[in-house]
Amino acid sequence: MRRYEFDAFGLENLKLVQRDVPTPAAGEVVLDVKAMSLNYRDLLVTRGLYNPKLELPAVPLSDGAGSVSAVGEGVTRVKVGDRVMSHFIAGWIDGPFKLDHVASTLGTPGPGLAAEQVALPADAVVPLPTGYSFAQASTLPIAALTAWSALRTVTHVEPGQTVLTLGTGGVSIFALQLAKAMGARVIITSSSDEKLARCRQFGADHTINYRANPKWERQVLEYTGGAGVDVVVETVGPGTLDQSMKSTRAEGTIALPGALTGGEGHVTTRLILMRRLHIAGIMVDCRRAFENMVAFIEQHKIKPVIHQEFPFADLPIAMNLMASGSHFGKIVVNAK
Ligand SMILES: NC(=O)c1ccc[n+]([C@@H]2O[C@H](COP(=O)([O-])OP(=O)(O)OC[C@H]3O[C@@H](n4cnc5c(N)ncnc54)[C@H](OP(=O)(O)O)[C@@H]3O)[C@@H](O)[C@H]2O)c1
């Protein structure tokens with residue numbers, strides 16, 4: 001079987017190599033990966049920015065969908081032939097997040113999904129939503145679940161509330177789709193008017209070009225009658241956090257998964273206290289939340305927005321597309 005490895009940091013070091021088909025240890029399954037999707041994290045991992053001390057060679061990518069081809073001793077949760085998706089924080093099944101859950105994340109330090117076959121813990125897979133293709137399902141494990149975590153786990157968005165989401169990448173477009181299905185009003189930003197026109201087709205109520213309108217928080221306040229939004233899905237991080245806080249109503253929540261502008265920066269703390277804001281850190285979510293999200297997706301017939309699908313041999317091209325930021329929604333790589 002073939003898989004991608006990198007033995008030095010940098011997208012240029014991604015190499016397709018031949019390896020033995022894995023055999024499942026006790027408690028594991030082997031997944032025949034049919035499709036995988038890219039996340040911004042994959043760029044950080046491969047470039048050495050996520051964990052500069054990562055042991056190399058490593059296999060990238062965290063998200064995949066496929067069929068179970070073998071099960072190890074003691075596995076009863078799934079059987080050969082099941083169509084499943086990977087669950088990113090493999091060791092986080094339910095209950096509160098614990099720091100040691102991070103050691104179980106797929107796509108380093110856990111197994112990477114950029115492979116034709118991969119052995120995963122049997123607990124770290126979730127059945128596909130009804131009617132989903134493998135390509136569609138591969139988009140859900142990180143991006144959709146992160147948006148869900150922002151809208152359903154750290155907050156509970158109600159009909160009529162207003163959600164602000166930043167940019168038109170994987171997480172933000174899922175946030176748009178899920179928030180609309182929850183009955184919320186959605187404001188979304190982008191650097192591109194063309195992308196914003198597409199957001200309106202997906203139900204966005206208000207759109208703001210953050211490049212043409214650098215003080216975009218003023219526009220958000222206008223759209224909310226001066227009150228601010230109930231929830232921000234902060235996909236960008238320190239570069240926009242102050243503006244997000246200025247866009248939020250008193251006692252509103254900023255759900256913060258984003259690191260597009262890095263992992264540290266200036267924060268005007270008085271905005272947090274004067275508005276009694278809640279800043280909620282997001283680390284994707286647990287498997288129980290994933291299963292709940294799948295039920296919601298089925299009920300509301302939500303289908304992911306896939307910008308482009310690539311063949312396996314073109315994974316480096318797909319990674320470079322993601323790095324360019326010109327995509328809208330998700331990028332998928334098929335295993336063939
Ligand atoms: N903590 C977690 O659990 C978690 C989970 C998933 C993702 N994340 C993080 O969330 C972020 C988004 O991930 P993703 O996979 O959705 O990334 P992505 O698909 O690569 O999204 C990139 C998009 O973000 C937008 N963007 C970039 N800079 C921006 C800015 N200054 N203001 C507004 N939008 C900006 C751009 O949209 P336009 O082209 O429309 O301008 C760009 O196309 C990343 O930092 C990722 O690491 C964290």
Side-chain angles (χ1 to χ4, degrees), residues 37-47 49-51 61-63 87-89 92 97 101-102 105-107 138-150 153-154 164-177 187-200 202 204 207-217 220 232-244 247 254-265 279-286 289-290 304-308 318-332:
S37 85
L38 303 191
N39 293 287
Y40 191 76
R41 180 185 190 274
D42 305 322
L43 293 177
L44 298 176
V45 167
T46 312
R47 288 170 162 164
L49 302 172
Y50 197 88
N51 175 11
L61 304 202
S62 308
D63 283 4
H87 165 54
F88 172 58
I89 308 182
W92 189 17
F97 178 67
H101 286 142
V102 177
T105 53
L106 303 184
S138 75
T139 67
L140 299 183
I142 288 187
L145 190 54
T146 298
W148 176 264
S149 191
T153 302
V154 301
L164 166 66
T165 187
L166 306 182
T168 59
V171 174
S172 193
I173 294 298
F174 273 122
L176 166 62
Q177 293 179 284
I187 304 172
I188 190 164
T189 68
S190 174
S191 56
S192 150
D193 286 339
E194 267 173 65
K195 290 183 178 182
L196 290 173
R198 288 197 69 196
C199 291
R200 290 191 287 276
F202 286 101
T207 57
I208 306 172
N209 186 320
Y210 64 82
R211 210 158 267 165
N213 198 349
K215 301 246 182 247
W216 48 263
E217 68 277 17
V220 174
V232 182
V233 184
E234 218 329 336
T235 55
V236 180
T240 50
L241 186 55
D242 273 5
Q243 287 176 284
S244 290
S247 304
I254 294 150
L256 175 68
L260 288 167
T261 47
E264 56 189 86
I279 311 276
I282 304 277
M283 249 316 261
V284 194
D285 216 325
C286 64
F290 195 171
V305 179
I306 296 177
H307 177 84
Q308 194 172 345
M319 296 278 270
N320 278 299
L321 169 65
M322 171 150 243
S324 77
S326 59
H327 59 291
F328 181 92
K330 293 294 292 177
I331 299 168
V332 167

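As the structure lists them, so they are numbered: ligands from 1, and atoms in each ligand from 1. The shown structure was predicted, so the numbers you read here are calculated from the model rather than taken from an experiment.
- In terms of polar-atom proximity, Gly258 is not counted as a contact of ligand 1, lacking any N or O under 3.5 Å from an N or O of the ligand.
- Contact atoms of ligand 1 toward Ser191: 38 (P), 39 (O), 40 (O), 41 (O) (distance under 4.0 Å to a heavy atom of the residue).
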Verify side-chain contact (heavy atoms from CB on, under 4.5 Å) between Leu38 and His327, making sure each step is shown before the conclusion.
-> CA-CA 11 Å; Leu38 303 191; His327 59 291; over 6 Å; no
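- Listed by chain and number, the residues in a side-chain hydrogen bond (donor to acceptor under 3.5 Å, both in side chains) with Thr165 are Ser172 (sequence neighbours excluded).
- Backbone and side-chain nitrogen or oxygen atoms of Ile282 are examined, and one is located within less than 3.5 angstrom of a nitrogen or oxygen of ligand 1.
- For a threshold of 3.5 Å applied to N or O pairs, the pair formed by Lys195 and ligand 1 contains at least one separation below that value.
- In this structure, Thr189 contributes its side chain and Gly167 its backbone to a donor-acceptor pair below 3.5 Å.
- No side-chain donor-acceptor contact under 3.5 Å links Glu194 to the backbone of Leu196.
- Of the possible polar contacts, none joining the Glu264 side chain to the Pro238 backbone as a donor-acceptor pair under 3.5 Å is found.
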Which is it for Phe202 and Val305 under the side-chain contact (heavy atoms from CB on, under 4.5 Å) test, yes or no, and what are the steps along the way?
-> CA-CA 10 Å; Phe202 286 101; Val305 179; 3.5 Å; yes
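- With hydrogens left out, the protein atom closest to atom 42 (C) of ligand 1 is Gly325 O, 4.2 Å, a heavy atom.
- Short contacts between ligand 1 and Met322, defined as distances under 4.0 Å to a heavy atom of the residue, involve ligand atoms 18 (P), 19 (O), 20 (O).
- Among all protein heavy atoms, the one lying closest to atom 45 (O) of ligand 1 is Ala259 N, 2.7 Å.
- Counting atoms of ligand 1 from 1 in the listed order, those under 4.0 Å from a heavy atom of Thr168 are 37 (O), 38 (P), 39 (O), 40 (O).
- Among the atoms of Tyr210, some N or O lies under 3.5 angstrom from an N or O of ligand 1.
- Close contacts between ligand 1 and Ile142 involve ligand atoms 5 (C), 6 (C) [criterion: under 4.0 Å to a heavy atom].
- When Ile331, Val284, Val233, Val171 are checked for heavy-atom proximity to atom 14 (P) of ligand 1, Val171 turns out nearest.
- Summarising the contacts of atom 12 (C) of ligand 1 with Ile173, Leu166, Thr146, Thr235, the nearest heavy atom is found in Thr235.
- The protein non-hydrogen atom at the shortest distance from atom 25 (C) of ligand 1 is Gly167 CA, 3.8 Å.
- The shortest N or O to N or O distance between Thr261 and ligand 1 is not below 3.5 Å.
- Checking only distances, Ser190 does come within under 3.5 Å of ligand 1, N or O to N or O.
- Closest approach of Ala255 to Ala150, counting heavy atoms only: CB-CB, 3.5 Å.
- Checked by atom type and distance alone, the side chain of Ser191 never pairs as donor or acceptor with a backbone atom of Arg211 at under 3.5 Å.
- When hydrogens are left out, the protein atom nearest atom 21 (O) of ligand 1 is Gly169 CA, 3.2 Å; that is the closest non-hydrogen contact.
- Under a 3.5 Å cut-off, the side chain of Ser37 and the backbone N or O of Ser138 do form a donor-acceptor pair.
- Every atom of ligand 1 with a heavy atom of Met283 under 4.0 Å away is listed here by number and element: 3 (O).
- Taking the six-membered ring where the residue is Trp, Trp92 and His101 present parallel rings, their angle staying beneath 30° rather than reaching 60°.
- Against a heavy-atom cut-off of under 4.0 Å, Val236 is close to the following atoms of ligand 1: 29 (C), 30 (C), 31 (N), 32 (N), 33 (C), 34 (N), 35 (C).
- Among all protein heavy atoms, the one lying closest to atom 47 (O) of ligand 1 is Tyr40 CD2, 3.5 Å.
- Proximity to Leu260 (heavy-atom distance under 4.0 Å) selects the following atoms of ligand 1: 11 (C), 24 (O), 26 (N), 27 (C), 44 (C), 45 (O).
- Results of the side-chain contact (heavy atoms from CB on, under 4.5 Å) test with Glu234 over Leu164, Val171, Ile254, Leu260 single out Ile254 as the only residue that passes.
- Side chain of Asp285 to main chain of Leu145: no donor-acceptor pair is present (N/O by atom type, distance under 3.5 Å, no hydrogens or angles).
- A side-chain hydrogen bond (donor to acceptor under 3.5 Å, both in side chains) with Thr207 holds for exactly one of Arg200, Lys195, Arg198; it is Arg200.
- Closest heavy-atom approach to atom 9 (C) of ligand 1 within the set Ser324, Pro257, Gly263, Ser192: this belongs to Pro257.
- In terms of N/O distances under 3.5 Å, ligand 1 is approached by His327.
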